[in-house]
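Read the structure below first, then the notes.
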Amino acid sequence: MYLNLKDIRFSYDNGQNVVLNNFSVSIDEGEIVSVVGNSGSGKSTLLRIISGLEDRSTGQVELDGDVLQSSKVFVQPEKRKIGFVFQDYALYPFLNVRQNIEFGIKKLPPKERKRRIEETLSLVKINELEKRFPHELSGGQMQRVALARALAPKPRVLLMDEPFSNLDTELVGELRLELRSLLKKEGMTVILVTHNQDDAGFMADRIIQMT
Amino acid sequence: MTELSGRRKNHNILPLITLALFLLPIFTIIFSMDASGSENWIFFKNHLLPESFYNTIYLTLMASALAGLLGFLSAYLVNFFEYPLSRFFKWSFVLPMAVPPYIAGYVYAGLLGYTGNIQILARQILGYSIPYQYLEIMNLNGAVLIYGFMLYPYVYLIVRSYLNGSATQWVESSRVLGLGMGETLRRVILPLSRPSIVMGTGMVMMEVISDYGLVKYFGIRTLGTDIFSLWFGSGDLSAATRVSLILLVLVIALLLLDTILKGKKKYHLNVSKSNPIRKMKLEGMAKWSAFAFSLVVMLIGFIIPVAQLVEWGIKSIERVNLSALSQMIMNTFKASIISLVIIVLVTFFLARYSAREKGVVARIVDQGVKVGYSIPGAVIGVGVMILFIGLDRSLAPLYQWLSLNKSLVISSSLFVLYFAYASRFLLLGYNSFYSGFMKHGSGYFDSARTLGMSRFKASFKVDVPMQRMAFVSASILIVIDIMKELPLTLMLRPFNYETLATKTFEYANDERLQEAAVPALIILSISVVGILVLSSIQKRRK
């Protein structure tokens with residue numbers, strides 16, 4: 001299995017409020033998995049643990065044979081090579097679209113960096129938006145930019161937290177079709193968190209229900 | 001059919017008149033300047049003004065830069081990292097706010113002097129007398145240090161609240177995109193925090209420009225101390241007015257600079273859900289550096305001044321004149337409470353108006369209220385005095401008719417002082433009520449109106465109870481600030497009228513530092529309690 005979560009437990013307030021209790025899941029490389037569940041069921045916490053933004057109380061996270069989190073190991077988020085599309089996109093307001101995409105690949109040599117930016121801009125079809133700032137974009141455009149920024153460093157896994165929740169219903173229908181084919185084309189392993197069963201069913205190879 | 005009648009009323013006039021009344025002292029300064037300068041003014045302009053101007057600018061810029069650096073670093077450390085005592089530092093970093101810079105100035109001057117604890121310790125333990133020049137603090141750079149360490153909480157509070165709120169997701173996003181904390185600081189946190197840093201340092205600038213006690217005690221000539229020496233030393237109110245006008249122009253220039261530096265963009269992300277950021281555990285050198293930085297800031301900003309004041313207080317407790325002290329406490333509280341009532345009544349009404357109404361007048365009210373707080377106390381003092389002396393002169397026939405045997409009836413009364421406090425601290429009440437009104441919206445009030453209540457009744461029955469917490473916050477802020485206020489009180493108090501702040505200042509100026517400790521400690525204790533109550537209210541609100 002490519003991504004393995006074993007017996008993950010997570011709680012707030014010094015163990016008073018248990019969000020995840022001995023949760024385990026395994027995901028294949030290239031698989032798109034949707035995680036659905038009610039508010040407070042721990043969907044987003046799961047993504048935050050995988051990305052390293054939260055630390056679990058017990059259990060282990062493994063990616064492609066590397067232990068990312070266990071009782072002895074904690075790999076910092078910046079070392080994990082995991083992409084994350086946040087619910088509110090979190091695009092940097094002081095950078096334009098091109099600079100936002102460039103943000104995570106600054107360490108690449110200039111030529112390769114430029115090629116990667118062009119590639120990503122074309123992949124998500126936003127070439128004409130590259131000079132715009134986030135406040136000049138629509139909800140759908142922001143989502144594409146956030147996706148491009150997350151894909152540019154070629155992450156090992158892509159995590160998406162409620163990617164359609166801020167969009168109009170009409171736009172969602174069009175976008176999710178495009179998004180699925182794009183992610184499949186890239187062979188990306190994806191975990192998508194949503195509260196919408198339709199989105200989950202349409203996007204995913206497999207659905208995980210959290211209670 | 002029921003016949004309805006109604007006359008359209010203009011609700012815009014009253015807020016404007018109320019605001020104008022409290023801004024009158026500032027207008028008075030602008031319009032009362034005579035064209036020809038007095039001899040005092042000409043001498044002052046040719047020989048003393050350049051130095052005062054330089055000192056004022058130097059102190060303001062350097063102190064706000066130091067406060068900006070300390071405030072930002074402390075907010076950054078406690079918000080993103082875990083290190084020894086970091087939770088304690090998170091709440092205690094605000095405490096230096098309770099120590100007025102003039103009190104800290106007396107303490108450090110005493111502590112570092114030849115008979116101070118540092119020199120005594122060096123002589124007793126090391127058998128070595130530290131050369132005086134190494135511990136000399138009563139100069140420009142010494143004042144910069146005192147201001148920086150006492151006023152950094154203004155920056156700390158604003159930056160911490162920003163970093164803890166909407167900046168969280170941007171920082172997390174940077175980390176998952178592969179940037180370490182160092183690079184995230186440079187490329188994300190600093191650019192995002194710029195408006196908050198500028199806002200905080202802007203407040204520090206205004207505090208430094210307004211301060212009188214520290215520079216006076218350190219013997220540093222500034223535009224603020226010049227207003228006093230021209231008025232009280234040379235009896236030349238006209239020259240003092242001219243200096244006030246220069247200070248007023250300087251404040252306006254600094255406010256403009258502040259607006260330019262803040263930039264047009266306000267970086268705020270409306271997050272659908274917010275998770276507290278997971279703090280990174282610091283290890284090794286980084287852990288101890290963060291701890292050492294925090295400890296030094298707290299030691300200099302709070303622990304050392306308080307410990308020294310307590311020691312002096314214990315030594316002088318037997319010499320305290322209890323009846324004089326209780327009179328001072330009474331005067332301080334009476335002044336605070338009366339001014340508080342005026343401020344609360346006025347700002348409740350103004351904040352309610354500008355939060356609910358749209359249009360130019362509401363915007364003018366919103367901006368106008370902020371003016372008083374930016375203007376140094378000494379300038380407002382001059383304006384208030386000119387205004388009320390003018391009023392007394394115009395009422396002279398009335399005084400004669402009433403057979404009063406003095407000509408300055410209003411201008412020599414405590415009313416002038418209370419009015420000046422209200423003019424200066426209007427913003428503190430306004431901000432609390434304005435944010436309260438914005439938070440609750442107008443739905444509750446509107447529903448009361450549709451249920452048959454008049455504007456006044458709906459406001460009294462609905463708005464007043466809903467603004468209880470805003471009232472508590474405003475009261476704490478106003479009482480603390482009035483209690484610490486020095487220049488206005490020194491300028492406008494009647495003869496023999498003492499408050500805790502004026503007595504602390506007088507004792508220290510007479511080099512009776514131990515006697516100054518008791519009133520200083522009372523100011524400090526009340527401020528600390530107030531600040532802690534405010535912090536807990538804000539925490540609960542979150």
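The sequence lines fix the lettering, A, B, ..., with proteins before strands; numbering per chain opens at 1. It should be emphasised that the depicted structure is a prediction, and the values quoted were computed from it without experimental measurement. We use all heavy atoms of the structure for the numbers below, so side chains are in, but hydrogens, waters and symmetry mates are not.
Aromatic rings from A/F84 and A/F86 are positioned such that their centres are separated by under 6.0 Å. Centroid-to-centroid, the aromatic rings of B/Y156 and B/F72 stay 6.0 Å apart or farther.
Annotation: side chain of A/T194 is not in contact with side chain of A/M160 (no heavy-atom distance under 4.5 Å). Contact of the B/L179 side chain with the A/E78 side chain is not registered, since no non-hydrogen atoms from C-beta on lie closer than 4.5 Å.
Contacts of A/L53 with chain B are made by both backbone and side-chain atoms, with heavy-atom separations under 4.5 Å. Heavy atoms closer than 4.5 Å to chain B are found nowhere in A/K81, neither backbone nor side chain. Within the 4.5 angstrom heavy-atom criterion, no atom of B/T184 approaches chain A.
Heavy-atom neighbours of chain A within the stretch residues 278-290 of chain B, taken at a separation under 4.5 angstrom, comprise B/R278, B/M280.
Looking only at atom types and distance, the side chain of B/S354 has a donor-acceptor partner in the side chain of B/Y430 under 3.5 Å away.
For residues 64-76 of chain A, the side-chain hydrogen bond (donor to acceptor under 3.5 Å, both in side chains) pairs, not counting sequence neighbours, are A/D55-A/Q69, A/D66-A/R156, A/Q69-A/R80, A/Q76-B/R175.
Minimum heavy-atom separation, A/V18 to A/N21: CG1-CB, 4.0 Å.
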